[in-house]
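Notes for the one structure printed next.
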Amino acid sequence: MELKRIGDFAWELPRAGEMRVPGWIFVSEELLRPLLSGTEGGEDEGGGHEWNALVQVRNVACLPGIVTASIAMPDIHPGYGFPIGGVGAFDPDGGVVAMGGVGFDINCGVRVLTTPLSRSDVEDRKEEVADSLFAHVPAGLGSEGKIRLTLNGVDEVLKKGAAFALERGYGLPEDLMYIEENGRMDGADPGAVSARAKEREFRQIGTLGSGNHYLEVQYVEEIADRAAARAYGLEEDQILVAIHCGSRGLGHQIGQDALPELERASRKYGIPIRERELVCAPIRSPEGGKYLAAVFAGINCAFANRQVIAHLVREVLAPLFSLPHGAIRTLYDVGHNNVKFERHRVDGEERTLLVHRKGSTRAFGPGRRENPDRYRAVGHPIFVGGTMGTASYILRGTEVGMEKAFGSGIHGAGRAMSRAKAKKRWRGQELVQDLAKQGITVRAHSYAGAAEEAPGAYKDVDLVVEAAVGAGLNALVAKVRPLVCIKG
DNA sequence: ATGTAC
């Protein structure tokens with residue numbers, strides 16, 4: 001595939017064939033190289049689909065009703081249907097909602113809590129902090145939470161999101177102000193969610209899960225943007241807690257249920273299926289409407305999940321450091337596997353679009369009314385999770401990002417190596433010991449899982465951030481380092 | 001990502 005350079009950190013995949021718009025890939029030369037080494041039409045573990053992130057950018061560009069471009073963030077790597085790091089905005093008239101644009105872990109995202117603690121408060125108590133968090137926050141594959149829901153309770157979670165958790169006494173009212181959508185997505189319909197999906201939520205609310213999900217105690221190493229840091233209440237050496245998780249089994253089941261339904265819809269409406277998960281339905285069709293109502297419910301499930309986990313973190317840290325719960329505040333909570341209706345300027349005209357972000361964080365810039373009052377002037381924070389052994393970053397939305405990428409940003413380092421390959425190359429136990437020597441206390445529910453998450457299996461997060469900032473999509477606010485990491 | 005399987 002021929003790419004045209006259109007900027008220092010921007011490349012265009014020109015419109016050709018059945019593409020309705022061009023592809024825009026925001027990467028540096030160095031990050032572009034591995035993308036070009038994939039083989040088009042190559043075999044993959046999933047059954048012989050084209051397993052190449054750039055092919056996926058092109059496939060998304062072929063979907064009906066896509067607006068402006070099929071966009072890839074600097075952490076782009078192959079996903080199901082959409083690339084991870086992919087953004088696609090669609091016109092509600094004639095456009096589609098695509099399962100691959102959301103993925104299985106609906107509203108997977110990050111919440112960051114601020115504390116009044118500084119690095120020195122935690123540094124020599126890391127083992128104690130790690131053990132307490134590990135014991136109190138349920139995590140790992142198939143883990144079950146401390147809360148049991150009834151069927152009616154699950155419906156309430158799906159309708160109310162984080163507010164449900166608050167009603168049950170998990171969290172502080174001010175938390176809601178600092179969650180994307182205030183923690184509650186409109187248009188969620190529990191009736192669009194299967195009984196099987198709901199059954200998976202009965203015992204799973206308030207659990208971290210596995211894979212790349214984690215709970216991390218971090219300190220602020222460096223502040224790059226004083227004004228934004230002031231608005232966010234961040235200082236150097238300050239202790240933060242990052243919670244990375246999603247909608248667990250429920251979101252996964254919504255995705256599984258949607259596959260055959262949207263496959264039928266794709267055929268019914270005559271939309272070519274270019275990859276198993278790139279099935280879709282017109283936004284205004286009954287099938288599209290049902291899928292959206294189910295996804296919105298899944299989004300609420302993840303908001304509620306992170307809200308409960310934030311409470312569990314407070315239950316651990318407050319007594320340990322003699323703090324009131326109110327001293328541990330929600331900086332922000334924002335997802336990176338979502339689809340939603342948003343207002344955007346396209347060619348000078350304000351329009352409502354359905355924006356898919358798959359492994360891409362919403363990153364609204366200065367002035368947007370969706371931002372909390374305290375953040376309105378600088379844009380809301382976004383969280384870029386590095387790996388167990390490397391830095392994470394706090395960035396913010398920008399006006400350039402609003403124009404070029406529908407207000408989107410990066411979400412992490414992005415995998416550079418498959419999970420299978422990483423598992424062969426590293427041993428989890430050795431990895432945890434190595435990290436301990438570097439001052440990072442890791443508690444993992446699965447050593448095999450930890451090996452898959454080896455820092456070496458990811459791209460260099462510093463380069464990914466450099467590209468996002470260089471392209472102007474996001475602005476750098478602060479760099480943070482891990483002290484304690486709980487892995488699923 | 002995922003009760004790694006219909």
Side-chain angles (χ1 to χ4, degrees), chain A residues 44-47 51 53 56 75 77-86 98-110 138-145 148-149 154 193-215 243-261 263 275-278 294-295 298-299 301-303 305-306 309 335-339 356-361 385 387 411-415 417-424 428 444-453 457-458 487-488:
Chain A
D44 73 83
E45 307 98 308
W51 199 246
Q56 292 179 325
D75 48 344
H77 58 287
Y80 292 130
F82 269 52
I84 296 168
M99 185 272 164
V102 184
F104 289 99
D105 193 4
I106 297 167
N107 192 19
C108 183
V110 179
L141 193 59
S143 55
E144 297 183 353
R148 289 288 177 274
L149 295 170
V154 174
V193 177
S194 72
R196 193 172 178 197
K198 289 177 190 177
E199 278 161 24
R200 296 181 71 164
E201 177 66 2
F202 287 146
R203 300 155 197 277
Q204 284 195 333
I205 187 168
T207 65
L208 205 54
S210 65
N212 64 4
H213 292 167
Y214 60 79
L215 168 58
I243 299 161
H244 178 206
C245 65
S247 49
R248 307 285 282 108
L250 181 136
H252 192 264
Q253 192 60 49
I254 289 172
Q256 291 291 359
D257 293 339
L259 280 175
E261 291 176 21
E263 188 194 332
E275 194 181 320
R276 192 175 81 104
E277 292 82 5
L278 203 59
V295 168
I299 289 175
C301 167
F303 281 143
N305 198 26
R306 291 196 287 274
I309 293 172
H336 49 239
N337 282 348
N338 281 324
V339 63
H356 300 65
R357 293 191 186 85
K358 166 64 176 298
S360 170
T361 310
T387 70
H411 85 303
R415 289 199 81 84
M417 191 186 290
S418 73
R419 292 186 172 277
K421 211 167 159 190
K423 203 145 52 171
K424 279 184 201 154
H445 287 264
S446 152
Y447 280 125
E452 291 181 2
E453 291 297 313
Y458 281 84
K487 290 292 290 186

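FYI, side chains are in, hydrogens and waters are out, and symmetry mates aren't considered; it's all heavy atoms of this structure. By convention in this document, chain letters (A, B, ...) are assigned in the order of the sequence lines, proteins followed by strands, and residues within each chain are numbered from 1. Small disclaimer: the values here were computed from a predicted structure and weren't measured.
The side-chain hydrogen bond (donor to acceptor under 3.5 Å, both in side chains) check on A:Q256 picks up nothing, with sequence neighbours excluded. Considering only residues two or more places apart in sequence or on other chains, A:H356 meets the ring pair (Phe, Tyr, Trp, His ring centres under 6.0 Å) condition with A:F82, A:F90.
Aromatic ring centres of A:H213 and A:H445 lie farther apart than the 6.0 Å criterion allows.
Nucleic acid contact for A:G211: sugar-phosphate only, since backbone atoms but no base atoms lie under 4.0 Å from a heavy atom of the residue. Within 4.0 Å (heavy atoms only), A:E199 reaches no atom of the nucleic acid at all. Among the heavy atoms of the strands lying under 4.0 Å from A:L141 is at least one base atom, whether or not backbone atoms are also near.
Note: NE2 (A:H445) to P (B:dT4) measures 18 Å, nearest angstrom. For A:D257 and B:dT2, the CG to P distance is 16 Å, given to the nearest whole Å. Note: CG (A:L259) to P (B:dA5) measures 16 Å, nearest angstrom. Distance CD (A:E452) to P (B:dT2): 11 Å, rounded to an integer number of Å. Spacing between atom NE2 of A:H213 and atom C1' of B:dT4 amounts to 15 Å, rounded to whole angstrom units. Rounded to a whole Å, the CZ atom of A:F104 is 13 Å from the P atom of B:dA5. When the P atom of B:dT4 is taken as reference, atom OH of A:Y80 falls 13 Å away, rounded to whole Å. The CG atom of A:N337 sits 11 Å away from the P atom of B:dT2 (whole-angstrom rounding).
Residue order along DNA chain B, read from the 5' end via each residue's closest nucleotide, puts A:R419 first among A:Q256 and A:R419.
The pair A:E453-A:R419 meets the salt-bridge criterion, with a side-chain N (NZ, NE, NH1 or NH2) lying under 4.0 Å from an Asp/Glu carboxylate O.
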